[in-house]
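Notes follow the structure.
All values below were derived from every heavy atom in this structure, side-chain atoms included, with hydrogens, water molecules and symmetry-related copies excluded. As the structure is a prediction and not an experimental result, all values here were calculated from the model.
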Amino acid sequence: MTTHAPQAAQTVTLPASLDEAVAALAATPAAVPVAGGTDLMTSVNSGHMRPAALVGLGRISEIRGWQYQDGHALLGAGLTHARMGRPDFAALIPALAAAARAAGPPQIRNAGTLGGNIASAAPTGDALPVLAALEATLIIAGQGGARREIPVSHLLAGVEMLRAGELIGFVRVPLLHAPQVFLKATGRTGPGRALASVSLVLDPARRGVRCAVGAIAPMPLRPLEAEQWVASLIDWDNNRAIVPEARDAFGEYVAAACIPDPVPAEDGSVEQLPPAVLHLRRTVAALARRALGRALS
């Protein structure tokens, strides 16, 4: 994993259950939990982190699979991107599978985990806009077998944080059995870090559209007014038909909501967005337009 690791971790604990892992973190407050290690080892190799102890999560089988629960999928935080990218998982949650397949080269997808993607909260995390659009819920494991639930959006926005000794154990995702899409733009062909990403989910039962834009801000952005506007234009009783002009307008609506124009100055003048920002806004508009078109096709 690294060829130069001076001052490496002094102790490594390998618990066999989620509760054992929580207990190990409580016993050693300075310990750092590690699953795939894709983000951790980058920090170690760059010299930004020198953990005094590690709690390895790789042997905890209960968080490496998923199960059905009351119309939801209960996903273990230890699920790897490679596992989520397989056809059986794609039939369950297509957008999350698409994000997992786009997460990076094979070595990253084989090691990186769903929980790690959430806990590191990197703006370019491909799973994050999907979980935001699906309005997923995190099940947090605490000491003494305690469990609590928080919306994933609360954690990413810093409204609620993990407490000392807590771990993300599972992610509860509603099974909508409806079209859902994940698209991203990178600076090169093939898997790479997203310059911008969009996840769009249809919810026919509520006659709603949910959209989340990733990579352009510290957390995924939900253009709520654009969601409500386009949902009102869809003919839900007639094969979810919509006029092509509405798709184009939706893309522009989403982009303008996520990357707004500058606030006018006191003298009424309006500063122009830099060319790079304008390009990013056009990219978001194109992704949102295509995502809606694919979901409705």
Side-chain angles (χ1 to χ4, degrees), residues 90-102 124 126-136 153 173-192 194-217 220-262 270 272-297:
L92 191 71
I93 312 173
L96 192 53
R101 289 192 292 265
T124 54
D126 292 319
L128 304 186
V130 179
L131 296 175
L134 289 169
E135 297 183 343
S153 58
V173 177
L175 296 177
L176 300 177
H177 303 294
Q180 48 184 263
V181 179
F182 170 80
L183 298 174
K184 81 173 185 178
T186 65
R188 57 189 176 88
T189 58
L195 298 176
S197 61
V198 169
S199 180
L200 187 137
V201 176
L202 297 186
D203 190 346
R206 299 180 182 177
R207 300 196 170 201
V209 175
R210 298 205 293 271
C211 177
V213 179
I216 67 170
L221 303 178
R222 286 280 303 276
L224 298 178
E225 290 185 0
E227 294 176 359
Q228 296 168 3
W229 175 80
V230 78
S232 70
L233 298 179
I234 297 173
D235 188 347
W236 296 96
D237 297 317
N238 184 26
N239 296 320
R240 297 191 288 263
I242 192 172
V243 296
E245 294 80 5
R247 289 200 300 267
D248 295 339
F250 174 70
E252 298 299 331
Y253 201 161
V254 169
C258 296
I259 308 176
D261 291 321
V270 179
Q272 295 297 312
L273 290 173
V277 178
L278 285 173
H279 175 71
L280 183 61
R281 188 153 81 170
R282 288 193 292 268
T283 300
V284 171
L287 291 174
R289 181 179 67 248
R290 292 171 190 168
L292 179 63
R294 291 190 185 184
L296 295 174
S297 62

Main-chain N/O of L195 paired to K184 side chain as donor or acceptor, under 3.5 Å: no

Side chain N239, main chain A241, donor-acceptor under 3.5 Å: no

Beyond-backbone contact of L278 with R282, side-chain heavy atoms, under 4.5 angstrom: yes

Side chain proximity check, L176 to L134, heavy atoms < 4.5 angstrom: yes

Flag side-chain contact, heavy atom, 4.5 Å: S197 against F182: yes

Minimal non-hydrogen separation, D126 against A194, with atom names: OD1-CB, 4.1 Å

R207 with D237: basic N within carboxylate O range, under 4.0 Å: yes

Nearest atoms (heavy-atom pairs only) where V181 meets A295: CG2-N, 3.8 Å

Side-chain donor/acceptor of S232 to backbone N/O of W229, under 3.5 Å: yes

Within-4.5 Å side-chain heavy-atom neighbours: R210 and S199: no

Option from V254, V130, L287, T283 for which side chain to side chain contact (heavy atoms under 4.5 Å, CB included) with V198 holds: L287

L273 and D261, any side-chain heavy atoms less than 4.5 Å apart: yes

Check against side chain to side chain contact (heavy atoms under 4.5 Å, CB included), C258 and I216: CA-CA 8 Å; C258 296; I216 67 170; 3.7 Å; yes

Shortest non-hydrogen contact from F250 toward E227: CE1-N, 4.4 Å

E135 side chain near R222 side chain, heavy-atom distance below 4.5 Å: yes

Test applied, side chain to side chain contact (heavy atoms under 4.5 Å, CB included); reference residue, L296; option that passes from L200, I234, V230, V209: I234

Validation row: I93, Q180 side chains within 4.5 angstrom (heavy atoms): yes

